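Here the structure comes first, spelled out in structure tokens, and everything after it is commentary.
All of these numbers come straight from a predicted model, not from anything done at the bench.
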Amino acid sequence: MGGTDPQVEQWLEFVAEIRRRPETPFDEQWGQFNEIYAGRDPSLPPPPAWIPNQDRVANSNLMALMRELGMDDYRELHQWSVSNRAGFWRHALDRLAIVFKTPPTATVDLKNGPAQPEWLPGARLNIVDSCFQPEDCTLAVAVGREGTDVVETLTYGELEALVNRVANGLETNGFGPGDAIALYMPMNSECVAAYLGIIQAGCVVVSIADSFAPGEVRRRLEISGAVGVVTVDSFTRGGRTIGLYTKLCDADAPRTIVIPDTEGPSVDLRDGDVWWRDFLSDSTEFQSVTGRPTVISNILFSSGTTGDPKAIPWDHLTPIKCAMDGHFHQDIRRGDVVAWPTNIGWMMGPWLIYATLINRGCIALYEGLPSGPEFTDFVRRSGVSMLGVVPSLVRAWRESGACDGPDWTAIRTFSSTGEPSNRYDYLWLMSRTGYRAPVIEYCGGTEIGGGYLTGTVVQPASPASFSTAALGLDVVILDENDAPVSENEEGEVFLVPPSIGLSQTLLNRDHDTVYFDDCPPGPNGELLRRHGDQVASLPNGYFRAQGRADDTMNLGGIKVSSLELERVLEHHPSIFEAAAVAVQAGGEGAETLVVFAVLTEDADHHQLHHELGRSLATDLNPLFKIHDLVIVDSLPRTASNKLMRRELRSKYTE
């Protein structure tokens, strides 16, 4: 590409100059980027900031696969992966060295159609066995904490011993296969061990984000039928001590295993609850409980367009999707140190565990606030080579100067998910490594087990753009008339099943109704699966995310339905009815929450804004912030009384 595009050649010359003059202010770099690519032919792909060199391509996991298949073009590989899905997943299973107690008799059986494939028929496995393949002395986890420069580590042997102690402790304490046990805690080494130990014992992890209030915790415990919980007494983030055990008590949680904070226990336990040290078994050997690949291993939650969160089960297949994406798209290799500030309550928590350990890397975890200089220095000290981010975090680093000191030249790859990004922030992020590390944009969902749009290290990376659909998965983008969009047009994206990782059931919804009902056929008659994102189709197979197409929004990386927000807002005595709308400033980047309200009585605007924000923080999640409150006389509705949020969004951005 570089040899046929004079704008790219000019940009590469400028990057070489930047590496000689790293003190060049970023605004000058941003200005040059826009000047060089000004007037770009709209038939060309979006302007790249990073172009892979020959060494990067040659040493990538993708190129290793292409060599196996006798290919030298990524687009050819992707086309092969979607036209020969069984063959692609066979190669992925071999490259990941997935461990089976009983090997499958085939890769996939499609007798029930692409919506309900049977993957790996006849197989018996426990996916945790695939997480412990390196030598025992290999580093598996590195942990940093606020207030200290010490990086604590666990080897694969030490982590496996702790996982086995958890599995034995569950058995000793009366828990058995199939029991649902919630994790309500920050990501730390105990969280990783508890997560893997629960699954190794044949139990089911219930993932609950540590930011949820007691009422939301209670709902998730009830939906999942959890019979136990693992939590922490309290933890520190941003200098604040946050108590979780007391929130669980307020949520009437079932029997709870409590990890004390580093200073020792600070609470008295309820009758029946137990401290972590008393729960753990002394035995460091455990035989994994194996079963069919479709046995549920993890229940996660994602908001839909009704009041209750969707309960999405992961089985022992879903982690294979996580690991495959990490292997081919994020290019995670043996010995890589992988950091991604996240939480076990969101899919990227389990994703981080599987994508790193199955690929024989080291998980880098930070106990504290990731937006400040302590975290960015931890990234340097722990030798992170693949750093995952969310756009709001990148913006916080840029605005605060948190990245001004640390040397990030060890970072080989960035990856971003959670919400749409913007070009300014992501060019800035790549500039932190002298444009040596690309940002692999990564868009997916809990019900996918990973991404459906992503990037690769063998293609040029353009800020805030995706370069491909994920391997083994194809997409179709349709306009309002259900016709495929042309280049430089946007529409609603639909997935073309089957793929390992795609959900096939929900605990509290009808799966087919949610994902398949009323979906149009694809342009070639394919069965399409709804996902709900609005996406722009760009030249040469690139894409750009444009937010949600349905009534779900993404606030700070957390999906939440408008109805959930409105349910809380309308409890305020001054609110007759409310509409929660997600707005992207400038048509790209993170979504912000704008509330339109019809009042029952006059109210002070500033005070009402504050009170509504406090209600969302208390009843739903403290991470949900109201960007703007707009008072209106009425809300627009269709003839069937459906709220027209798109019209509100359009008027607000005019």
Check your understanding: Going through the distances and angles, do Tyr424 and Arg398 end up as a side chain to side chain contact (heavy atoms under 4.5 Å, CB included)?
Key -> CA-CA 10 Å; Tyr424 183 84; Arg398 178 179 58 77; 3.6 Å; yes

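- Side-chain atoms of Asp261 do not come within 3.5 Å of backbone N or O of Val232 as any donor-acceptor pair.
- Side chain to side chain, Gln200 and Asn164 meet the donor-acceptor criterion of an N or O pair below 3.5 Å.
- Among Ser467, Ser415, Ser421, the single residue meeting the side chain to side chain donor-acceptor pair (under 3.5 Å) criterion with Glu441 is Ser421.
- Separation of atoms CG (Asn188) and CD (Glu152) is listed at 10.0 Å; rounding is to 0.5 Å.
- Judged by distance alone, with hydrogens and angles left aside, the side-chain atoms of Arg395 form no donor-acceptor pair with the main-chain N or O of Asp425 at under 3.5 Å.
- Side-chain contact annotation: Gln29 with Tyr435, donor-acceptor N/O pair under 3.5 Å present.
- Asp377 contributes no side-chain N or O that, together with a main-chain N or O of Pro373, makes up a donor-acceptor pair within less than 3.5 Å.
- The minimum heavy-atom distance between Leu369 and Gly238, with the atom names listed, is CB-N, 3.7 Å.
- By the side-chain hydrogen bond (donor to acceptor under 3.5 Å, both in side chains) test, Ser385 pairs with Asp336, sequence neighbours left out.
- Of the residues listed (Trp340, Trp351, Phe301, Phe212), the one engaging Trp346 in a ring pair (Phe, Tyr, Trp, His ring centres under 6.0 Å) is Phe212, and it is the only one.
- Ring geometry for Trp408 versus Phe414: interplanar angle of 30 to 60°, hence tilted.
- Under 3.5 Å, the side chains of Asp331 and Thr413 contain no donor-acceptor pair of N or O atoms.
- Judged by distance alone, the side chain of Asn168 and the main-chain N or O of Ser283 form a donor-acceptor pair under 3.5 Å.
- Using the six-membered ring where Trp is involved, Tyr354 and Trp314 have ring planes that are tilted, between 30° and 60° apart.
- Atom CG of residue Leu170 and atom CG of residue Leu280 lie 9.5 Å apart, to the nearest 0.5 angstrom.
- Ring planes of Tyr37 and Trp11: tilted class, angle from 30 to 60°.
- For the residue pair Thr468 and Tyr74, a side-chain donor N or O sits within less than 3.5 Å of a side-chain acceptor on the partner.
- Remark: side-chain polar atoms of Asp233 are not paired, donor with acceptor, to backbone N or O of Pro260 under 3.5 angstrom.
- A donor-acceptor pair shorter than 3.5 Å can be found between the side chains of Thr456 and Gln459.
- Side-chain N or O atoms of Asn343 include one that pairs as donor or acceptor with a backbone N or O of Gly345 at under 3.5 Å.
- The main-chain N or O of Ala402 is found under 3.5 Å from a side-chain atom of Thr376 such that the two form a donor-acceptor pair.
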